[in-house]
Amino acid sequence: MPELPEVETTKTSLAPLLGQRVTNVQVFQPKLRWSIPDDLTQLVNYTLESVERRAKYLILNFMPLADNGISSSIQLDMLQPRQLLVHLGMSGSLQQHSHAMGKRKHDHLIMSFIDADNTQTQLHYYDPRRFGSILWLEEYSDKLLNHLGPEPLSDAFTADYLYHLIQRSEQSIGTENSTSIKKQPIKRAIKSVIMEQQAVVGVGNIYATESLYLSGIHPATPANEVSYTQIVILVAHIKTILQKAIKLGGSTLRDFTVADGQTGYFQQTLNVYGRQGEACLHCRSILENIKLSGRASVYCPLCQPIISM
């Protein structure tokens with residue numbers, strides 16, 4: 001599954017399309033996780049102004065041309081900026097190809113662009129498993145984005161934030177006559193917590209596994225038993241690993257590629273993910289694997305001992 005570094009890399013790879021005009025939108029298979037809107041042809045004669053990322057979503061910002069053949073009396077109503085919300089799902093990718101490139105089996109959408117030199121480029125949404133989505137942001141923002149936690153590379157994601165989130169503080173609820181209650185600390189496995197989008201976005205299985213290994217924390221450790229000092233170390237490793245993965249273009253696992261067809265190289269630096277049964281690179285112990293929340297969690301039993309308080 002494309003995770004935050006892969007999505008960030010995809011965002012960067014779309015830069016050549018910025019400022020280019022959309023000339024055609026073709027939808028071949030609308031049935032993804034949610035159906036592709038049937039009015040994407042509205043983007044014809046819009047230009048792609050910018051691309052943002054929120055968690056594992058891409059936001060493509062389109063602006064209308066000042067004159068695209070619509071009478072001025074209705075132009076302001078019809079030609080408002082539009083935003084697409086794109087999620088790559090399990091196997092999706094946005095790939096740029098020459099105008100002569102034909103449709104392939106798993107190309108579900110092709111958006112054609114033209115630049116100032118009349119060079120034509122196609123942007124293909126390719127997704128064999130069809131778990132991704134292409135939606136109008138205005139219709140799905142509340143449902144998909146508003147509940148998300150902070151970005152892991154932002155200043156909002158700190159050791160203080162994560163520690164207090166896990167330990168929880170006293171809160172007053174209900175009416176003024178309600179009593180103050182103390183919410184129980186989070187006792188779920190620390191790996192499960194850092195992968196929850198409400199806690200922090202974009203820390204997927206690969207990067208959670210690697211961060212916990214470098215922090216010396218067993219993935220099944222109850223979150224409330226992880227000390228503040230360990231949280232400081234963990235947050236630092238999460239940030240460092242994600243920054244490194246972005247620099248290396250993400251992890252190419254199975255069929256993920258970015259818009260320009262390049263693949264990532266972070267998987268060549270993995271310490272534990274996908275290496276169960278092999279020797280730990282640090283202590284040579286045999287790496288073990290457990291399932292947490294249905295996900296494989298590889299760890300070193302010596303470097304990451306589980307310590308009960």
Side-chain angles (χ1 to χ4, degrees), residues 2 7 10-71 74-116 118-145 257-261:
V7 179
T10 298
K11 184 194 83 169
T12 302
S13 71
L14 292 173
L17 295 177
L18 297 182
Q20 295 196 27
R21 175 170 61 89
V22 178
T23 59
N24 193 25
V25 180
Q26 298 170 281
V27 177
F28 302 100
Q29 173 53 272
K31 296 181 179 179
L32 304 180
R33 184 178 181 186
W34 293 284
S35 292
I36 296 177
D38 58 10
D39 58 352
L40 289 191
T41 54
Q42 291 182 20
L43 291 174
V44 171
N45 285 328
Y46 275 63
T47 59
L48 180 61
E49 290 297 307
S50 62
V51 181
E52 305 170 59
R53 180 190 56 76
R54 178 68 174 110
K56 299 179 187 179
Y57 292 94
L58 289 169
I59 301 172
L60 279 60
N61 298 302
F62 293 87
M63 291 290 291
L65 293 177
D67 178 14
N68 70 354
I70 296 178
S71 64
I74 60 174
Q75 188 165 333
L76 290 178
D77 291 333
M78 295 188 64
L79 298 183
Q80 298 299 317
R82 302 303 303 268
Q83 295 175 292
L84 282 185
L85 184 66
V86 179
H87 194 287
L88 301 177
M90 298 291 291
S91 60
S93 59
L94 290 171
Q95 303 175 8
Q96 294 174 44
H97 298 285
S98 69
H99 185 65
M101 177 76 175
K103 176 192 176 298
R104 299 165 298 172
K105 179 178 179 180
H106 299 298
D107 285 330
H108 306 312
L109 177 145
I110 296 179
M111 188 174 293
S112 300
F113 290 84
I114 191 168
D115 66 13
N118 290 323
T119 301
Q120 300 182 63
T121 304
Q122 292 181 345
L123 182 65
H124 293 224
Y125 178 72
Y126 179 87
D127 189 353
R129 300 183 68 179
R130 287 166 46 193
F131 285 166
S133 59
I134 300 174
L135 305 163
W136 292 120
L137 174 65
E138 63 208 40
E139 298 176 6
Y140 282 85
S141 179
D142 288 348
K143 178 179 180 180
L144 299 178
L145 301 184
T257 58
V258 296
D260 57 7

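Side-chain atoms are counted along with the backbone in the values below, which use heavy atoms only and exclude waters and symmetry mates.
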Quick one: does [X]'s side chain get under 4.5 Å of [Y]'s, heavy atoms only?
X	Y	value
R130	K31	yes
K105	F28	no
D38	V27	no
V22	M111	yes

How many angstroms lie between [atom1] in [X] and [atom2] in [Y], if you round to the nearest 0.5 Å?
X	Y	atom1	atom2	answer
L14	Q96	CG	CD	6.0 Å
Q29	H108	CD	NE2	6.5 Å
L85	R54	CG	CZ	11.5 Å
R82	Y46	CZ	OH	6.5 Å
M101	I110	CE	CD1	8.0 Å
N24	Q26	CG	CD	4.5 Å

Treating [X] as the side-chain partner and [Y] as the backbone partner, does any N or O pair qualify as donor plus acceptor under 3.5 Å?
X	Y	result
Y126	L109	no
T47	G19	no
E139	L135	no

Got a list of side-chain donor-acceptor pairs under 3.5 Å for residues 55-62, not counting sequence neighbours?
residue: N61; atom: OD1; partner: Q83; partner atom: NE2; Å: 2.7
residue: N61; atom: ND2; partner: S50; partner atom: OG; Å: 2.9
residue: N61; atom: ND2; partner: E52; partner atom: OE2; Å: 2.7

Does the pair R104/D107 count as a salt bridge with the N-to-O cut at 4.0 Å?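 Answer for the salt bridge query: yes.
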For a side chain to side chain contact (heavy atoms under 4.5 Å, CB included) with V25, tell me which candidate from I36, L123, D39, L40 qualifies.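 Between V25 and the candidates, side chain to side chain contact (heavy atoms under 4.5 Å, CB included) is satisfied uniquely by L40.
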In this structure, which one of L18, T10, L94, L84 forms a side chain to side chain contact (heavy atoms under 4.5 Å, CB included) with V51?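 Single pass found, and it is L18.
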Looking at every non-hydrogen atom in both residues, tell me the closest pair between [X] and [Y] and how far apart they are.
X	Y	result
E49	M63	CG-CG, 3.0 Å
P37	I134	CD-O, 3.0 Å
S112	Q122	OG-CG, 3.9 Å
Y125	S133	OH-N, 4.0 Å
M90	P2	O-CD, 3.4 Å

Does CZ belonging to R21 count more than 12 external heavy atoms closer than 6.0 Å?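 Enclosed.
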Measure the acute angle between the ring planes of H97 and H124, then classify it against the limits of 30° and 60° as parallel, tilted or perpendicular.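 If you compare the ring of H97 with that of H124, the planes turn out perpendicular.
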Show your working on side-chain hydrogen bond (donor to acceptor under 3.5 Å, both in side chains) between D142 and Y140 and close with a plain yes or no. CA-CA 6 Å; D142 288 348; Y140 282 85; over 6 Å; no
